[in-house]
Each structure stands twice: as C-alpha cells, then as structure tokens.
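In this text the structure is predicted, and so the values were computed from the model without any measurement. The figures here come from the full heavy-atom set of this structure, side chains too, leaving out hydrogens, waters and symmetry mates.
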Amino acid sequence: MKIKDIVRFHSETTMPIPDVVYHLYSLPSFDNNQTREELLGQDIQSNKFTVPNRCILFNKLNVRFKRIWRIDSDEDHKIASTEFLPLIIDENKVDFAYCFYLLASPAITDYLCGQNANTSGSHKRIDPTNFFNIGIKLPPLAQQYEIGKLLSSLDAKIKLNRQINQNLEAMAKQLYDYWFMQFDFPNEEGKPYKSSGGEMVWNEKLKREIPKEWEVLNLGQITTSYQQGLIRSNNQLSDSSEFGYLKMGDLDGKGQYSLQKLARTNATSEEVFLFSLHKGDFLINVRNSKEIVGKTCLIDYVEENTLFNHMLVRMSFDKVTSFYMNLLFNTDFMYRAMDGLKQGTTTVIALYQEDLYRLPIVVPTKNVMDTFSIIEKSILNQKELLTNEIISLIKQRDELLPLLMNGQVSVNSDLSDD
C-alpha cells in the first residue's frame, strides 16, 4: 500500500475576491503558533488552494520542519499556500488522526529529506510524486484509532500549555500598559497612582507628563553591557551540529521567539562561554530588513549552550529589568522612535549602537520597579514550568510516534482514555 492509496490530492485553486475575508493557511502563519491569517482578498497576491472542510495540509518546502496542518472546520473561504498539498483522507481505510501522525512520522520525513538531499540552498521542495508513492503499512482501524487518540491527547496538553503561556504574556503586556503607559501603578495606599490624583510633571524629552520622581534617561545611561552575537555563515550550519543557534528570523516581532526552526552550529569552548544564552537575556535585532530590525525578545527558555547570531545584540541594564525593557521596546512609542534611527539601503537596514543609546527611556522609582520585579519573576517562573512541561510532552510524543507507527509498542485502550 502507498500513501496515494489512502489520500487524495485536492488540486482546486482560486484567485481571492478583493472584498472577501479569507482564512489563509500559510507557512508564516504555521510558524506563528499555527495561527491562520485573516486577510481581505485584495491583500492576497496570487492563486491559492481551496481547503476542504476535513483534510490535512502537508508542506512541500523543507519537510524537516514538519509543517503539517490538521483541518477540521466547516467555515467558508478557507485557502492555503500552494506550498502545501491539501490531502483528503479516505477514512474507510485510515483513521484521520492516525493519518496525521503517520505523515509526521520520522520514517516519512527522513525518506523525503533523503530524496531532496542533493538540492542546494535553504528552499528544498519535495517531489509530490515521490511523496504519494511512499510505501506504508497500516494496522487495523481500531488500533489506528487508539494510536491517534493517544498522540492527540499529548498534543492537546501541549496546546493548552502554550495557550496558558500566551495568556501570561498578554497579562504582562496589560500590566505594563496599566503601570507604565497609563501610570496607574499602585501608590502607597495601593490605589492607581494617576487616577487617584498622583502628582505628574512635564517631561520635555517625551513631550508628556510622567509621575513625579520618575526619570527619563538615554538608553546609553542605563546600559551596562552591549554584546554582538557569533558570526556564522550558512555553510557552518547543520542539523547535526552540536549547539543551537538563534537567528534574527526566530524573533516574532512581538517580543517573543520560536525554537521551532532553530539552526545548529559547532563552536569552540571559548565561543560557547562568550555567546551562550541564559534565562533573562534581552536580545535586539540590529541589522537586516527594515521590518525585522528592532525586533526584541526576552529569553525564558533555551536548551543549554544555545548561541546567538551576529545580527542580534545582547544588552543588560541598570535601574530597570530586561523584562521591563522587552515590553517597552514592543510599544508603538518605541517602534516610532526606532524607525527614526534606522539607517541603510532599501534592502539592508541597521540600528547603530550610538543611535540606540540616544533613545529616551522612562525609568520608574526603585520601589515601583522592585514591586514590578516580584510580579515579573512570578510570570517568568510560571512560563518556565509550563515550557519545561511542553518540552517533556513533545519528547514523549516524538519518542512514542515511531514506536507506535512501526508496531514496536501498542496502546493500552485504558491509557488512551486518560
């Protein structure tokens, strides 16, 4: 039996209608926590596949990243990038969930990676014919159902933890806005400062009022270290290399980062000592395209001895925390301020150290900063616990997946009901 015997390629395409809102399944949206895009047809520039209500989207590009999307939705106007293969499953032969995990299994990924191993560059596309002709063996449907159910339960827990982490991030942003944009941090009586009549003073640099006793200092006045990352060319990166290597493309532009496509490299012991990332590190992208330059993130989890790219700069601060600075750098005020400092051509833009150091930074009183630090530590600790559990669940799922697919282990139906 081959893959083409259990799935059917859905080849229908459409040119989006300008005034219709579409649900777009694209590579960037998959990488953004598998959150599809909602776009007007006029903002979509090319033909797309229509997406059936119940199907699996299998990515043709760089299959090692396993961009495989399980769709079960009866909404209208669903479309997908033509980098996906929309697959309709023959559920008389194969369980829907089981088929999803079969397509994500190492056996299929490794086979496809081997088929395009001789192609060059970072954009390696599979030949759909090779994909559809991969030989497979299926257990009975009842067994498929139990396997799919067990692996789906692990993914559901992973998804829940990620959602809680996203809620924690949203809470942190709301708190920052309330305390440091609206200036309604708790006063001595625990009441909102500005709303309760707290004294405000005009600041000429910001052209606005700020709480009395707060300062506005240039970034250079509070920066205690400024370190550019490790230079690596593409031919020094390999999936088999020892150390993770965080690049500018791993920053999402919202103060966060993703390890899903983490590159890998080798390094000397001195380079590992100098460029390893640690919990609480603040990074900013200082060189690339205009849209990417200025992105920041706060490191909450990376595998030990993960290094960072030379287009990223690690900074540390006095009087304020890195957590505070990451939230500040992701405000509209800071976006506008940085846009005025960016220099370069239309394709390569840079933020230079001396220009960054001129940015005005609102510095709260020590008491307010200390109180905020207690809250931020609680948020970071909760995120770390959840992230560690996510990593453990992913490891468990990825270790079980090939064993379940090749029949080395079987599912106890009582366990799959947990």
Is there any salt bridge (charged side-chain N to carboxylate O under 4.0 Å, His left out) pair reaching into [range], and which pairs are they, with sequence neighbours excluded?
{"range": "residues 330-341", "result": "Asp339-Lys342"}
{"range": "residues 9-27", "result": "none"}
{"range": "residues 96-115", "result": "none"}
{"range": "residues 242-251", "result": "none"}

Under 3.5 Å, is there a donor-acceptor pair linking the side chains of [X] and [Y]?
{"X": "Ser316", "Y": "Thr224", "answer": "yes"}
{"X": "Ser73", "Y": "Glu75", "answer": "yes"}
{"X": "Asn218", "Y": "Lys205", "answer": "yes"}
{"X": "Ser46", "Y": "Lys48", "answer": "yes"}
{"X": "Gln353", "Y": "Tyr357", "answer": "yes"}
{"X": "Arg36", "Y": "Tyr25", "answer": "yes"}
{"X": "Thr321", "Y": "Glu376", "answer": "yes"}
{"X": "Asn59", "Y": "Lys66", "answer": "no"}
{"X": "Asp300", "Y": "Tyr257", "answer": "yes"}
{"X": "Asn330", "Y": "Lys254", "answer": "no"}
{"X": "Tyr111", "Y": "Asn130", "answer": "no"}

- From CA spacing to verdict: ring pair (Phe, Tyr, Trp, His ring centres under 6.0 Å), Tyr324, Phe317: CA-CA 10 Å; Tyr324 171 89; Phe317 310 99; 9.3 Å; no
In chain order, what residues pass the salt bridge (charged side-chain N to carboxylate O under 4.0 Å, His left out) check against [X], with sequence neighbours excluded?
{"X": "Glu169", "answer": "Lys383"}
{"X": "Arg287", "answer": "none"}
{"X": "Glu389", "answer": "none"}

Calculate, to the nearest 0.5 Å, the distance between atoms [atom1] and [atom2] belonging to [X] and [Y] respectively.
{"X": "Leu312", "Y": "Leu277", "atom1": "CG", "atom2": "CG", "answer": "8.5 Å"}
{"X": "Ile158", "Y": "Ile391", "atom1": "CD1", "atom2": "CD1", "answer": "10.5 Å"}
{"X": "Leu283", "Y": "Ser322", "atom1": "CG", "atom2": "OG", "answer": "9.5 Å"}

Donor-acceptor pairs are to be reported for all side-chain atoms of residues 85-104 against protein atoms at under 3.5 Å, with residues two or more places apart or in another chain.
| from | atom 1 | to | atom 2 | distance (Å) |
| --- | --- | --- | --- | --- |
| Asp90 | OD1 | Asn92 | N | 3.1 |
| Glu91 | OE1 | Arg54 | NH2 | 3.1 |
| Glu91 | OE2 | Arg54 | NE | 2.6 |
| Lys93 | NZ | Asp5 | O | 3.0 |
| Asp95 | OD2 | Ala97 | N | 3.2 |
| Asp95 | OD2 | Tyr98 | N | 3.0 |
| Tyr101 | OH | Arg70 | NH2 | 3.2 |
| Tyr101 | OH | Leu151 | O | 3.2 |
| Tyr101 | OH | Ser152 | N | 3.3 |
| Tyr101 | OH | Asp155 | OD2 | 2.5 |

Taking the six-membered ring for Trp and the full ring for Phe, Tyr or His, determine whether the centres of [X] and [Y] are under 6.0 Å apart.
{"X": "Tyr193", "Y": "Phe183", "value": "no"}
{"X": "Phe185", "Y": "Phe372", "value": "no"}
{"X": "Phe58", "Y": "Phe84", "value": "no"}

How about [X] and [Y]: do any of their side-chain heavy atoms sit closer than 4.5 Å?
{"X": "Leu57", "Y": "Ile71", "result": "yes"}
{"X": "Thr82", "Y": "Asn47", "result": "no"}
{"X": "Asp281", "Y": "Met315", "result": "no"}
{"X": "Leu61", "Y": "Lys124", "result": "no"}
{"X": "Arg162", "Y": "Leu386", "result": "no"}

So, [X] and [Y], do they make that salt bridge, N to O below 4.0 Å?
{"X": "Glu83", "Y": "Arg125", "value": "yes"}
{"X": "Glu354", "Y": "Arg358", "value": "no"}
{"X": "Asp184", "Y": "Lys194", "value": "no"}

So, using side-chain contact (heavy atoms from CB on, under 4.5 Å) as the criterion, who are the partners of [X] when residues are at least two apart?
{"X": "Lys207", "answer": "Trp202, Glu204"}
{"X": "Asp43", "answer": "Leu40"}
{"X": "Glu271", "answer": "Leu230, Arg232, Ala267, Thr268, Phe275"}
{"X": "Leu39", "answer": "Leu24, Glu37, Ile44"}

- Item | Verdict with supporting geometry, Phe65 and Phe30, ring pair (Phe, Tyr, Trp, His ring centres under 6.0 Å) | CA-CA 11 Å; Phe65 294 136; Phe30 185 95; over 10 Å; no
- Residue from Phe329, Phe323, Tyr226 passing ring pair (Phe, Tyr, Trp, His ring centres under 6.0 Å) with Phe282: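 So, applying the ring pair (Phe, Tyr, Trp, His ring centres under 6.0 Å) to Phe282 and each of Phe329, Phe323, Tyr226, only Phe329 qualifies.
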- Can you name the closest pair of heavy atoms from Gly280 and Leu298 and give their distance?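 So the minimum-distance heavy-atom pair works out to O-CD1, 3.4 Å.
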- Item | Heavy-atom closest pair, residues His77 and Val21 | CB-O, 3.6 Å
- Task: Taking atom CG of Asn234 as the centre, report whether more than 12 heavy atoms of other residues, nucleotides or ligands fall under 6.0 Å from it.
- Result: no
- Query: Does NZ belonging to Lys279 count more than 12 external heavy atoms closer than 6.0 Å?
  - Reply: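 Counting neighbours around NZ of Lys279, more than 12 heavy atoms of other residues, nucleotides or ligands fall under 6.0 Å, so yes.
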- Message: As a quick check of understanding, evaluate side-chain contact (heavy atoms from CB on, under 4.5 Å) for Phe180 and Val368, giving each step before the final call.
- Response: CA-CA 10 Å; Phe180 303 114; Val368 172; 3.8 Å; yes
